[in-house]
Amino acid sequence: MNSPLKTAVNYPQLPELTVRGMLLGMLITIIFTASNVYLGLKVGLTFSSSIPAAVISMAILRMFKDSNVLENNMVQTQASAAGTLSAIIFILPGLLMLGYWQGFPFWETLLLCACGGSLGVLFTIPLRRAMVVNSDLPYPEGLAAAEILKVGSESHTEAAQGQQKKATGMKDIVGGAALSGIFSLCANGFHVLSSEFSYWISLGKTSTTQLPIGFSMALLGAGYLIGIASGIAILVGMILAWGIFVPYLTGIMTPDQGVTAAKFASSIWAHKVRFIGAGCIGIAAIWTLICLAKPVVDGIRMSIQSLRVNDTAEKRILHHTDLDMTPKSIGLVFLAIIIGLAITFYSFVSAFPLSAGLIALYVIVGILVAVLMGFFVAAACGYMAGLIGTSASPISGIGILGIIVSSLVVLGLSTSFGVFDMAGGSQFATALAIFITSVIVSIAAISNDNLQDLKTGYVVGATPWKQQVALIIGSVIGAFAIAPVLNLLYQAYGFTGALPRATMDPGQALAAPQATLMTTIAQGIFSSTLDWNYILFGIGIGIVAIIVDQLLKRNTKALMLPPLAVGMGIYLPPTLEVPLVIGSLIGFFVNRSLRARAARRSPGHETEDVDACTHRGVLFASGMIVGESIIGVIIAFIIVVSVTSGGSENPLALVGKDFAGTAEILGLIAFIAAIVIFIRYIFATKFKPE
């Protein structure tokens, strides 16, 4: 779906990167990072911090008369690092599960996260023109944040004009936020509504699949924004996973005694089918990088040419919305990052008894793998975030690719120099692969978020280089909170297979499923027990998807099948995918109906009328993303307070577990009602009179 919000708004030169904004952003970053790490490991709940940070920023900075939309944008840009850098929990606890670490060393963890996050920022700079300015990628959360900032921030230069339009826009956003927020509170807080529903189908003696549906209002809104092509591609991937692969594999395999059909099918998907999705994502990401090569190189050339302009008169021609960090600044930051990585890698590797030459070799190879693989995942994650949004982007899938590449490189190096023959050599090699992958995951997480922020900035008219500085600050500040919170959780609960005290109850340990999976993959590679067939099969599926996509583009103007979206359809949980698909279908059919109605009722004004309705739909969908995000933050803090004080993990629950069946039915009814309200709201826009 072509959005009417892709053209940048050119605001006057307003203060952007202010001291008060940076201090506010730092405070929000630390609080949100700590909360996300805590909740992600303790109760499996994380939240996207970008939009909540924008709302908090507007509420606080509104007290200052000279605040503006660009300053608010910088605060949310900086604070958005909190919701993404916490993805380090997907991999780093694996070092404790291996028994290689007995805690999280503060400075090593800090440098690891800060350097990885900052690299994620740098790697997205050359991608900005290709993937934000000159791209049709929808960036649903970036557009949503931009609308919140534009409508919610009062511009002093436009105080007297456009008040009615602003009021209408705020009404649309508040309407969507209220609908989404109430649903989210009832589902995730009170638990009187279910957040998902699955109907399991038996296709034979053991063959099983499911018809799932998730009730996320935020993903429904994001689906409306991503467009029909991405929605259909995700649907294709989901059908492959749950219509073909899961039924086939459950039909030829035998479950353990006492395991239910539903649990068996879920296990098959998690431990086998997802690897097919990871393989598909990997080859599709490589293809995406190849396709982006020319526009990225052109973008880099344009950036260098514009930044080398020395004449002041010529500089005035360049718009501030087209200025990235200078090559000199990028070089200095990159040098500082490499020094930081060298220090932390040396500290990690030198803890194992190796010769000085071998330590240096491991450090150099580790940094090279992290940097080279990091640029690849930065492009892939940025594209995926632009395709379906940051919240649904499969960072753990990229982590799987990262741990495979890191493990293979370390395996080759360790085999060549006889490290496996040393006592603890296999454990060291596995730990180093996890350590390298931790940098890669940090890069992936920040780049996944950064391009979304740059899209927000592009829409509101921000200065890119100031946003890039804000993201680096956010990455560094957020990194300070990672190690203390991880250590707090480890000492309080421990991780699966890693308890700090022998007297602790293993049943209370934190599962950290992503870290467990990636550690298992690394161990499988070093012990030669990893089944590569599923990954290779996924690569084959990805190649077929690429070919089909190219044929569709060549023979039709409107149809395409983004291969990355197909891979994500296989990899992501189906309850996340269904609302995305439904939202994309709503956007397609509603807008087609609007065009037909406009042609009948308002000859000569079709484009204007459809744009008005589409714009209203975008605002309402953005509001749905906002509402669920804000309620998610509120519920998160309530859970933190409750759990840390020894209370329940569901402090707001009004019903018990025996209400689950009724909650599923009520959730389905409420979700259908919400869809009807959404569609009717869009159609309520009045056309111009004939």
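All residue numbers in this chain count up from 1 along the given sequence. Just the heavy atoms: all of them, side chains too, but no hydrogens, waters or symmetry mates, feed the values below.
For the pair I570 and W269, the minimum side-chain heavy-atom distance is 4.5 Å or more. Looking only at side-chain heavy atoms (C-beta outward), S329 and Q468 stay at 4.5 Å or farther from each other. Side-chain contact check for M373 versus T437: every heavy-atom pair is 4.5 Å or farther apart. Contact check for M325 versus I472: side-chain heavy atoms found under the 4.5 Å cut-off. Residues W101 and L92 meet the side-chain proximity criterion, which asks for heavy atoms closer than 4.5 Å. Side-chain contact between K272 and V246 is absent, with no heavy atoms from C-beta onward closer than 4.5 Å. Inter-residue side-chain proximity for V405 and F376 is flagged as unmet; no heavy-atom pair is nearer than 4.5 Å. Between I446 and S442, the closest side-chain pair of non-hydrogen atoms is not below 4.5 Å.
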Q: Quick one: do W465 and I125 satisfy side chain to side chain contact (heavy atoms under 4.5 Å, CB included)? Show the steps, please.
A: CA-CA 9 Å; W465 75 262; I125 292 175; over 6 Å; no

Q: Any chance you could lay out the side chain to side chain contact (heavy atoms under 4.5 Å, CB included) test for L95 and F348, step after step, and finish with the verdict?
A: CA-CA 11 Å; L95 291 172; F348 185 87; 4.1 Å; yes

Q. So I276 and I535, side chain to side chain contact (heavy atoms under 4.5 Å, CB included) or not? Walk me through it.
A. CA-CA 5 Å; I276 298 175; I535 296 172; over 6 Å; no

Q. What's the verdict on side chain to side chain contact (heavy atoms under 4.5 Å, CB included) for Y458 and L454, showing C-alpha distance, side-chain angles and the deciding distance?
A. CA-CA 6 Å; Y458 176 65; L454 289 173; over 6 Å; no

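Annotation: the span from L240 atom CG to F245 atom CZ amounts to 5.0 Å, rounded to 0.5 Å. We find the OG-CG distance between S438 and L112 to be 5.0 Å, quoted to the nearest 0.5 Å. Here the CD-OG distance, from Q523 to S407, works out to 10.0 Å after rounding to the nearest 0.5 Å. In this structure, the separation between CD1 on I521 and CZ on F526 is 12.5 Å, given to the nearest 0.5 Å. Rounding to the nearest 0.5 Å places CE of M518 at 11.0 Å from OG of S406. Atoms CD1 and CD1, from I400 and I281 in turn, are 8.0 Å apart once rounded to the nearest 0.5 Å.
Taking all atoms of both residues into account, the shortest heavy-atom contact from I268 to L249 is CG2-CB, 3.6 Å. Of all heavy-atom pairs between V476 and S118, the closest is CG2-OG, 4.2 Å. Here the closest non-hydrogen pair linking I443 and G374 is CG2-O, 3.4 Å. Closest heavy-atom contact between I89 and P93: O-CD, 3.4 Å. Contact detail for A462 and Q467: the closest heavy-atom pair is CB-OE1, 4.0 Å. Nearest heavy-atom pair, A380 versus I398, reported as atom, atom and distance to 0.1 Å: CB-CD1, 4.3 Å.
For the side-chain hydrogen bond (donor to acceptor under 3.5 Å, both in side chains) test, no residue two or more places apart in sequence or in another chain qualifies with T415. With sequence neighbours left out, the side-chain contact (heavy atoms from CB on, under 4.5 Å) criterion links I543 to I283, I539, I547.
The backbone N or O of M22 lies less than 3.5 Å from a partner atom in the side chain of Q78, making a donor-acceptor pair. Between the side chain of T124 and the main chain of G120, a donor-acceptor pair closer than 3.5 Å is present. Under a 3.5 Å cut-off, the side chain of T456 and the backbone N or O of Q452 do form a donor-acceptor pair. T463 contributes no side-chain N or O that, together with a main-chain N or O of K466, makes up a donor-acceptor pair within less than 3.5 Å.
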Extract all donor-acceptor atom pairs below 3.5 Å that involve side chains of residues 332-347 and protein atoms in other chains or at least two apart in sequence.
unit_1 : atom_1 : unit_2 : atom_2 : d
T344   : OG1    : E108   : O      : 3.3
S347   : OG     : E108   : OE2    : 2.5

Only pairs under 3.5 Å count here: list side-chain donor-acceptor contacts from residues 480-488, not counting sequence neighbours, and write none if there are none.
unit_1 : atom_1 : unit_2 : atom_2 : d
N487   : OD1    : F104   : N      : 2.9
N487   : ND2    : F104   : O      : 2.8
N487   : ND2    : A483   : O      : 3.4

Which donor-acceptor pairs under 3.5 Å do the side chains of residues 422-436 make with protein atoms, sequence neighbours left out?
unit_1 : atom_1 : unit_2 : atom_2 : d
Q427   : NE2    : L98    : O      : 2.9
T430   : OG1    : S426   : O      : 2.8

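Few gaps surround CH2 on W532; more than 12 heavy atoms of other groups in view lie less than 6.0 Å from it.
Aromatic pair F275/Y571: ring centres not closer than 6.0 Å.
Looking only at atom types and distance, the side chain of D453 has no donor-acceptor partner in the side chain of T77 under 3.5 Å away.
Residue pairs meeting the side-chain hydrogen bond (donor to acceptor under 3.5 Å, both in side chains) criterion with at least one member in residues 90-100: none, sequence neighbours excluded.
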